[in-house]
Enquirer: 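Quick one: this structure, given as structure tokens, is what I'll be asking you about.
Per chain, numbering begins at 1; letters A, B, ... match sequence-line order.
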Amino acid sequence: MPEISEIAAPFPGVFYRRANPDSAPLAEPGQVIAVGRVIALIEVMKMFHEVQSAVAGKITEFCAEDGDAVAMGQIIAKIERQS
Amino acid sequence: MITVIQPGLYTTVQDQGRFGFYGVGFPPSGSMDLYSSAVANILVGNPAHAAVLETTFVGPTLEFERNGRIAVTGATADITIDGVSIQPWTSIEIKKGQVLAFGGISAGVRNYLAISGGIGVQPVMGSRSTYVASNLGGVEGRALLPGDRLEVLADSESHTNRNRFETPEYLRVSPLQHHVIRIVPGLCNYLLDSKSQQLLTAETFTVSTEANRTGYRLTGHQLNFIEREQPFGAGSDPSNVVNLGYPVGSLQAPSGTELICLMRDAVTGGGYATLATVISVDLDILAQMKFPETVSFEAISMEAALQLRAQRGKRLQSLVELIDAVT
């Protein structure tokens, strides 16, 4: 069975998949990523914070929509781990 | 000296506030949760008004260059020294070369780290508190950055046996996901229609993602203002009045769509109707709340609010006496 890692919001804020409204998403489902890859942004206190993946693997799912308010600890993406 | 290895999300130097300049546009700043900040200081033998570090969601990683005592209060967080977990709300010895690190928080928003002696940044207008909007106080008037070095003032000799004092549970703060926040109504609540006046204390509001040291936006209910001809000098929106001073803790509702509670870096005046003021002791509680936690408001008298503030002082005094009795 592949091991699924969940990425949680480190603090509450507004979830963004794009660095700015006109650019492509930072990452897409199905994409294989390395450790430390920025997959999304969370805006908190008027600052944009990069959300990095702590694991290498394939993004299986984003669990929040662009522009959603997310709670601290809310799962925002799932990664199928690859070693 | 303390070296900042990682600054955390938004960590600032704060004390109990900068007073006497509100009338010329300077809010008090200071610790958002004044009680937790004072407790941290008392635990390490500092005066309650000494400067501490205030964290936001994600705290810093710090290397200590001097032996001393620390205490961490406020939010519920995983805190370690050289990788070993330490107890919050407790005075703890830290040695030269050791690294203090904050992990994730499980409740609340802000931690207060007091260090014996207190943080020794240069006071500005009588306070060491950081006011970022004016780049004033703290470390260059800003949040900490990697590589910053913080001076620590000389420790008082008389408190060297304070280590390991644990604050009793009843004197700690317990951040919850819903709190009743007490308000003193006024000055302009008469501008709300009667249904909205009732709604303010009957309904539940949600802390939004827009919540910082200046203000907290609270959402959930539309408030409606009475129809009137706007007086000369007031803006055209029904929520506008002729400019007035905003108390710290003031609740406003621009266009009635959401509430804004002004916090310790408050805007000091403007043209929105002030509907009520959150009492000072409950600003401490609100300061530990975040999206999507909820509040409801309870109206109390000014006399009751002042009594509650006096009780906060007595709680701090009882902690001082408890520590003096055992050390």
Enquirer: Going through the checks in order, is the side chain to side chain contact (heavy atoms under 4.5 Å, CB included) test met by B/Phe102 and B/Asp78?
Expert: CA-CA 6 Å; B/Phe102 287 77; B/Asp78 297 324; over 6 Å; no
Enquirer: Check each of B/Tyr246, B/Tyr131, B/Phe21 against B/Pro27 using the side chain to side chain contact (heavy atoms under 4.5 Å, CB included) test, and report the only one that passes.
Expert: B/Tyr131
Enquirer: Going by heavy atoms in the side chains, are A/Leu26 and A/Glu50 under 4.5 Å from each other?
Expert: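 Answer no - side chains too far apart.
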Enquirer: Is any side-chain N of the basic residue among B/Arg264 and B/Asp284 closer than 4.0 Å to the acidic one's carboxylate O?
Expert: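 Not counted as a salt bridge, because no side-chain N and carboxylate O are separated by less than 4.0 Å.
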Enquirer: Chain B contacts: which residues in residues 53-67 of chain A have a non-hydrogen atom closer than 4.5 Å to it?
Expert: none
Enquirer: Which residues in residues 71-79 of chain A have any heavy atom closer than 4.5 Å to a heavy atom of chain B?
Expert: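 Interface residues of residues 71-79 of chain A: A/Ala71, A/Met72.
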Enquirer: For residues B/Val99 and B/Thr61, determine if any side-chain heavy atom of one lies less than 4.5 Å from a side-chain heavy atom of the other.
Expert: yes
Enquirer: Go through the side-chain N and O atoms of B/Thr204 and B/His178 and say whether any donor and acceptor fall under 3.5 Å apart.
Expert: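 B/Thr204 vs B/His178: no donor-acceptor pair found between side chains.
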Enquirer: If only atom types and distance count, is the side chain of B/Asp15 paired as donor or acceptor with the main-chain N or O of B/Gly17 below 3.5 Å?
Expert: yes
Enquirer: Using only atom types and a distance under 3.5 Å, with no angle test, would you say the side chain of A/Gln31 pairs donor to acceptor with the backbone of A/Glu28?
Expert: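 A pair under 3.5 Å: yes.
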Enquirer: Going by atom types alone, do B/Ser129 and B/Ser127 pair a side-chain donor with an acceptor below 3.5 Å?
Expert: yes
Enquirer: Using non-hydrogen atoms only, which part of B/Thr56 is less than 4.5 Å away from chain A: side chain, backbone, both, or neither?
Expert: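 Interface part for B/Thr56: side chain.
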Enquirer: Looking at A/Met45, A/His49, A/Lys46, which makes the most heavy-atom pairs under 4.5 Å with chain B?
Expert: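 When all of A/Met45, A/His49, A/Lys46 are compared, A/Met45 has the most.
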Enquirer: Carefully, step by step, assess B/Phe297 and B/Arg182 under the rule side chain to side chain contact (heavy atoms under 4.5 Å, CB included).
Expert: CA-CA 6 Å; B/Phe297 294 107; B/Arg182 290 158 294 189; over 6 Å; no
